[in-house]
Protein chains: 2
Amino acid sequence: MPPRALRTPLTLAVLSLLRERPRHPYEIQALVRERHIDQVVKMRGGSLYDAIDRLADAGLITTVSSERAGARPERTVYAITAEGTAVADALVRDYLRTPAQDFPVFATGLAHILTLDAATAADLLRERREAIRATHDRTARQLAADTAGLPRVVTLEVEYAQALRVAELAWLDRVVRDIDAGALPWLDVADAPPSGAP
Amino acid sequence: MPPRALRTPLTLAVLSLLRERPRHPYEIQALVRERHIDQVVKMRGGSLYDAIDRLADAGLITTVSSERAGARPERTVYAITAEGTAVADALVRDYLRTPAQDFPVFATGLAHILTLDAATAADLLRERREAIRATHDRTARQLAADTAGLPRVVTLEVEYAQALRVAELAWLDRVVRDIDAGALPWLDVADAPPSGAP
DNA sequence: ACTCGGTTACTCGAACTCGACTATCCACGG
DNA sequence: CCGTGGATAGTCGAGTTCGAGTAACCGAGT
């Protein structure tokens with residue numbers, strides 16, 4: 001099992017794109033944007049080049065050629081190796097099978113909600129709800145348009161994110177209503193440390 | 001607005017604990033574990049000390065004293081400053097109001113599901129469902145026990161995570177059923193790049 | 001002709017993260 | 001009384017991430 005740094009969402013994206021055919025880093029970057037993979041995988045600036053270097057050092061990908069068009073910087077083309085394919089496969093299985101410890105920042109916000117008063121909290125949650133509702137509606141339209149062209153299996157991750165959005169909307173609705181109705185008793189900050197379970 | 005590195009879930013946790021009263025780093029670390037804040041906020045080894053150093057450099061917290069008990073390492077006690085309190089407040093509001101771009105690794109897995117065949121994928125998703133179901137049941141019992149003691153408002157983030165779990169379970173049920181029934185047409189890998197939207 | 005913005009294609013250093021390590025004290029069994 | 005394991009408290013350096021910078025090319029205007 002290769003080290004942690006070779007088993008990240010970004011390295012998986014790289015391996016997958018190289019699985020289709022050899023490419024150079026910039027092409028990968030462009031594809032990640034074009035196919036909206038960056039909505040699912042965090043990719044910022046130079047970290048892609050770093051990831052590719054690591055993969056090459058570990059032998060999961062190899063240099064195929066080094067073209068140069070004019071006096072522009074060199075383009076190194078990489079291809080996936082057998083080990084790379086194996087790792088990619090194992091990674092996909094892992095990601096699907098094992099629920100990971102994600103740390104959504106909203107949960108952090110909720111853990112500290114008692115530093116605010118009830119009315120303010122309700123207002124903020126309402127704002128959040130509207131923002132999510134907007135994203136939801138946009139995604140719904142997009143998914144509807146897709147069903148006319150794309151097979152469902154290629155947009156599963158969008159469908160999943162949408163399902164979570166629906167659930168969060170419903171949850172926010174309930175909580176906001178409860179706060180407004182006084183059905184969610186508030187506490188004085190001094191009494192209650194902003195914590196989780198006991 | 002302070003830089004990104006001072007506006008992370010971990011720094012917020014530190015600021016919140018110091019809001020209660022001055023503490024030294026190890027005490028903060030212990031509290032984070034004790035109150036299960038580490039279920040919501042990523043905290044590994046020395047990163048806490050790094051975060052505290054940064055907060056101190058930026059003046060959001062200050063050294064109050066440096067006790068030494070016996071020949072043990074020194075314990076530096078920190079307290080929150082007015083700026084620190086302001087930043088913590090703004091952060092909580094931000095986290096509650098603005099839906100963030102989280103990157104759940106499961107979505108990455110889904111984006112690459114076509115590198116597997118349908119039967120394998122269904123098996124993996126079933127495994128995932130059972131794991132989540134287990135967590136769900138454990139959490140449900142814990143929440144039920146809490147209602148006898150803790151006010152609901154202090155376990156909101158647990159309730160939220162649970163709501164998302166329920167939604168994911170339902171979604172997984174549907175997808176697994178559809179795959180089993182052949183109602184989710186699969187594609188040949190060659191035809192379909194593992195991508196998101198068009 | 002000239003420059004202006006956009007695209008191509010990386011490079012680099014500063015900042016950040018993380019796990020492994022250090023070192024002391026204390027309680028307790030043998 | 002001696003060692004052993006856990007709690008106390010933090011250090012360190014190697015490895016990673018990130019944003020800003022560099023630098024050439026290209027087409028469309030003016």
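So you know, we letter chains A, B, ... as the sequences are listed, proteins then strands, and number each from 1. These numbers come from the heavy atoms of this one structure, side chains and all, not from hydrogens, waters or symmetry mates.
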Legend entry - C:dC10 phosphate, OP1 or OP2, under 4.0 Å from A:His24 side-chain N/O: yes
Please enumerate all protein N or O atoms sitting under 3.5 Å from an N or O of nucleotides 12-17 of chain C, with distances to 0.1 Å.
from: C:dT17; atom 1: OP2; to: B:Arg54; atom 2: NH2; distance (Å): 2.5

Legend entry - Sequence-distant partners of A:Trp171, ring-ring contact (aromatic ring centres under 6.0 Å, His included), two or more places apart: B:Tyr160
Legend entry - With A:Tyr49 via ring-ring contact (aromatic ring centres under 6.0 Å, His included) - residues at least two apart: none
Inset, instruction - Report the distance from atom OG1 of A:Thr11 to atom CG of A:Leu18, rounding to the nearest 0.5 Å. - result: 11.0 Å
In whole angstroms, how far is the [atom2] atom of [N] from the [atom1] atom of [X]?
X: A:Arg75; N: C:dC10; atom1: CZ; atom2: P; result: 8 Å
X: A:Arg33; N: C:dA9; atom1: CZ; atom2: P; result: 14 Å
X: A:Tyr26; N: D:dA24; atom1: OH; atom2: P; result: 17 Å
X: A:Gln101; N: C:dC18; atom1: CD; atom2: C1'; result: 17 Å
X: B:Ile52; N: D:dG10; atom1: CD1; atom2: P; result: 8 Å
X: B:Arg44; N: D:dT16; atom1: CZ; atom2: P; result: 15 Å
X: B:Tyr49; N: D:dT8; atom1: OH; atom2: P; result: 11 Å
X: B:Glu27; N: D:dA7; atom1: CD; atom2: P; result: 17 Å

Legend entry - Residues that B:Ala13 engages under side chain to side chain contact (heavy atoms under 4.5 Å, CB included), provided they are two or more places apart: B:Ile37
Inset, instruction - Report the residues that fulfil side chain to side chain contact (heavy atoms under 4.5 Å, CB included) with A:Thr139, sequence neighbours left out, ordered by chain and then residue number. - result: A:Thr135, A:Leu143, A:Val158, A:Gln162, A:Arg165
Donor-acceptor contacts, no H, no angles, side chain residues 87-95 of chain B, under 3.5 Å, sequence neighbours left out:
from: B:Asp89; atom 1: OD1; to: B:Arg19; atom 2: NH2; distance (Å): 2.8
from: B:Asp89; atom 1: OD2; to: B:Arg93; atom 2: NE; distance (Å): 3.2
from: B:Asp89; atom 1: OD2; to: B:Arg93; atom 2: NH2; distance (Å): 3.4
from: B:Asp94; atom 1: OD1; to: B:Arg97; atom 2: NH2; distance (Å): 3.4
from: B:Asp94; atom 1: OD2; to: B:Arg7; atom 2: NH2; distance (Å): 2.9
from: B:Tyr95; atom 1: OH; to: B:Arg7; atom 2: O; distance (Å): 3.1

